[in-house]
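Contents: one structure, followed by commentary.
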Amino acid sequence: MTFTTLEGPIRVRFAPSPTGELHAGGLRTALFNYLLKRSLGGQLILRLEDTDLEREIPGAAERIMDDLTWSGISFEEGASEGGPYAPYSQSERTGLYQEAVAELIERGGAYRCWCTPQRLDEIRNRARREGAPPRYDGHCRRLTPDEREQLIKQSRPSVVRLASPETDTIVIKDIIKERISFRSRHLDDPILQRSDGRPTAILAGAVDDHLMQVTYVIRGEEWLPSTPYQELIYRFLNWKPPHWAHLPLLLNEQRGKLAKRDPGGTIAELRRDGFLPEALNRYLVSLGRGNLPPEQGWDIESLTDNFTLTDYRAGDAIYSLTALRSENARLLRQLPETKLVARSRPFLAEILPETSSWEEARLVASLSVVQGESVHLRDMVERLAGLLHPPEAAAHLRREFPTADRLLQAIMEELHDQPVTWEADAIKTAINRTGKALGLSGRNLFAPIRLAITGTDHGPELPRIAELIGRSEFLRRIEAAAAGWKAEENL
RNA sequence: GGCGCGUUCGUUCAGCGGUUAGGACGCCGGCCUCUCACGCCGGUAACAGGGGUUCGAGUCCCCUACGCGCUACCA
């Protein structure tokens with residue numbers, strides 16, 4: 001196809017509607033715009049598509065911005081940073097759209113329509129019944145100038161529709177889909193301006209992309225059916241259309257449209273769980289183009305290194321929380337100590353408030369015990385909490401280890417007054433020494449101790465846990481377990 | 001129903017007329033190991049179906065099926 005090389009500088013935009021939480025698909029679109037801008041140079045605009053007041057949710061715009069910031073995406077121009085093409089909220093640009101509509105009508109690219117919602121309903125129902133295409137029947141398009149004059153004089157409410165051509169085929173060149181053609185006889189005459197004067201998304205998007213000098217429109221595939229109409233608007237107004245790139249949709253694991261209710265659907269949920277933005281970004285970028293080379297960096301800037309829109313396939317991609325978790329766990333394992341602590345702070349405050357008084361070094365040492373087996377920050381802190389505040393030891397498992405009593409007694413003696421440095425390696429040596437004296441090794445040696453101090457039979461290396469909780473707590477738990485077993489025996 | 005887009009292992013991508021159809025994640029097995037995880041080694045598994053074109057088709061064309069999107073005075 002023709003898009004073998006994309007050239008900058010470019011102007012791109014992310015245009016969310018403030019109607020709810022940012023979801024994974026939205027973030028992916030924003031990310032692609034950001035990455036293309038970074039790799040070719042230019043500006044990224046944040047434009048608020050808030051022309052539909054009824055569906056607007058207060059605070060949604062702020063939360064979307066906050067999620068974008070969290071993921072590392074920043075804008076040159078936008079609703080909150082301003083810029084040369086302000087305002088960047090469509091609700092404040094109504095006049096601009098009305099000017100475009102006037103021009104469009106004058107050039108024959110649009111016409112007023114006085115049909116009532118009831119009549120429109122009837123047309124739709126009839127079309128559905130008869131299996132005909134559900135399109136506007138063009139009634140008002142065929143009005144004579146006199147009839148029009150009359151209706152205008154009566155000041156009856158009217159909308160403005162695009163006058164789609166009757167013949168001809170609209171061909172869209174798309175960077176990802178390549179070539180898409182729409183036969184004009186199948187096109188509708190969509191509403192561009194509502195009866196209250198506000199624009200619809202088709203119009204507002206086209207006008208803004210032109211006025212804001214946007215060169216590449218990168219958006220979700222759900223917009224594909226609107227593209228021929230926007231292309232038509234550009235043609236009627238003699239504007240140069242932008243390059244189009246329609247991103248395949250993200251599907252959930254059941255192959256349905258990814259919804260906010262799906263696992264990991266919203267960015268807010270991912271943040272609550274302690275996913276790392278770098279892992280999320282990397283996963284989102286890899287969907288549709290395969291794995292990134294292992295040497296590729298994690299931060300958002302290095303994601304621009306090999307970023308090309310033409311690498312992406314045209315098919316839908318399945319967003320799998322399992323895959324994201326594995327990517328996140330991989331990054332978590334590589335996370336440097338200082339970042340580890342910084343990123344964990346909110347979760348420590350929530351789950352282990354007592355750590356607020358801990359020294360940085362102690363936090364690093366503690367988190368690193370569970371770092372390797374955790375999938376995200378919340379999971380990691382919960383695992384740490386599990387070691388610090390274990391459930392009751394599983395007393396019944398004593399039956400599995402007839403030597404447990406003797407072993408725990410010996411361990412208490414060995415580690416009680418012995419001059420054993422309370423450090424993992426020394427503890428390990430001491431445990432092995434005890435085992436040797438009793439003729440125990442391997443599972444028979446470690447499992448009863450592990451059960452006594454953690455209540456479970458798996459987890460990080462035992463000596464590391466011992467070091468983490470400290471000598472007195474370690475001995476206390478051993479003693480408690482031994483006592484618990486004894487009590488059970490006396491029943 | 002109409003229009004548009006899509007369809008290679010379970011998932012995610014390679015493949016761009018001739019390959020034992022490859023990698024990664026998952027899964028299974030082994031090694032390591034006190035356990036789990038990590039790491040390393042090995043294995044499992046796919047061209048939706050049917051017609052063409054061609055000496056030869058996962059690769060090009062057509063049809064069917066399936067999936068998804070749009071079909072609002074939503075975005």
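Just so you know, these numbers come straight off a predicted model, no measurement behind them. Any value given below was found using the heavy atoms of this structure, including those in side chains, with hydrogens, waters and symmetry copies removed. Protein chains get the first letters and strands the later ones, always in sequence-line order, with residue 1 at the start of each.
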What I want to check is whether an N or O donor and acceptor connect the side chain of S195(A) with the base of C73(B) at under 3.5 Å. yes

Side-chain N,O (R313(A)) to OP1/OP2 (U12(B)) below 4.0 Å: no

When you check the phosphate oxygens OP1 and OP2 of A75(B), does a side-chain N or O of R194(A) lie under 4.0 Å from one of them?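 True: R194(A) side-chain N/O within range (under 4.0 Å) of A75(B) OP1/OP2.
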
Counting side-chain heavy atoms from CB outward, which of [options] is closest to [X]?
| X | options | value |
| --- | --- | --- |
| H458(A) | G6(B), A75(B), U35(B) | U35(B) |
| E461(A) | C34(B), C73(B), C5(B) | C34(B) |
| L224(A) | C36(B), C74(B), C5(B) | C5(B) |

Does [N] have a Watson-Crick or wobble mate here (both distances under 3.5 Å), and if so which one?
| N | result |
| --- | --- |
| C36(B) | none |
| C74(B) | none |
| U54(B) | none |
| G43(B) | C27(B) |
| G69(B) | C3(B) |

Excluding sequence neighbours, so at least two apart, what forms salt bridge (charged side-chain N to carboxylate O under 4.0 Å, His left out) with D316(A)?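 Here no residue qualifies.
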
What interatomic distance, in whole Å, is found between P of C66(B) and the corresponding atom of G15(B)?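 Those two atoms are separated by 30 Å.
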
Report the distance from atom [atom1] of [X] to atom [atom2] of [N], rounded to the nearest whole Å.
| X | N | atom1 | atom2 | value |
| --- | --- | --- | --- | --- |
| R282(A) | U12(B) | CZ | C1' | 14 Å |
| Q371(A) | A37(B) | CD | P | 18 Å |
| R330(A) | G39(B) | CZ | C1' | 13 Å |
| D316(A) | A48(B) | CG | C1' | 16 Å |
| L462(A) | C36(B) | CG | P | 14 Å |

Hey, does [X] reach any base, or is it just sugar-phosphate, or nothing, if we go heavy atoms under 4.0 Å?
| X | value |
| --- | --- |
| P18(A) | nothing |
| R124(A) | sugar-phosphate |
| R333(A) | sugar-phosphate |
| Q193(A) | nothing |
| S320(A) | nothing |
| P460(A) | base |
| A447(A) | nothing |
| L445(A) | nothing |
| S374(A) | nothing |
| R289(A) | sugar-phosphate |

So, are R330(A) and E327(A) salt-bridged, with charged N and O less than 4.0 Å apart?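 A salt bridge is present here (some side-chain N lies under 4.0 Å from a carboxylate O).
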
Once ring-ring contact (aromatic ring centres under 6.0 Å, His included) is applied, do any residues pair with Y283(A), and if so which ones, sequence neighbours excluded?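 For Y283(A), the residues satisfying ring-ring contact (aromatic ring centres under 6.0 Å, His included) (neighbours in sequence not counted) are Y319(A).
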
Identified side-chain contact (heavy atoms from CB on, under 4.5 Å) counterpart of Q230(A) within the set I202(A), V207(A), V217(A): I202(A)

Taking 5.5 Å and 30° as the limits, would you call W223(A) and the base of A75(B) a stacked pair?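 Yes.
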
Students often mix this up, so state it plainly: with edges at 30° and 60°, are the rings of F14(A) and F75(A) parallel, tilted or perpendicular? parallel

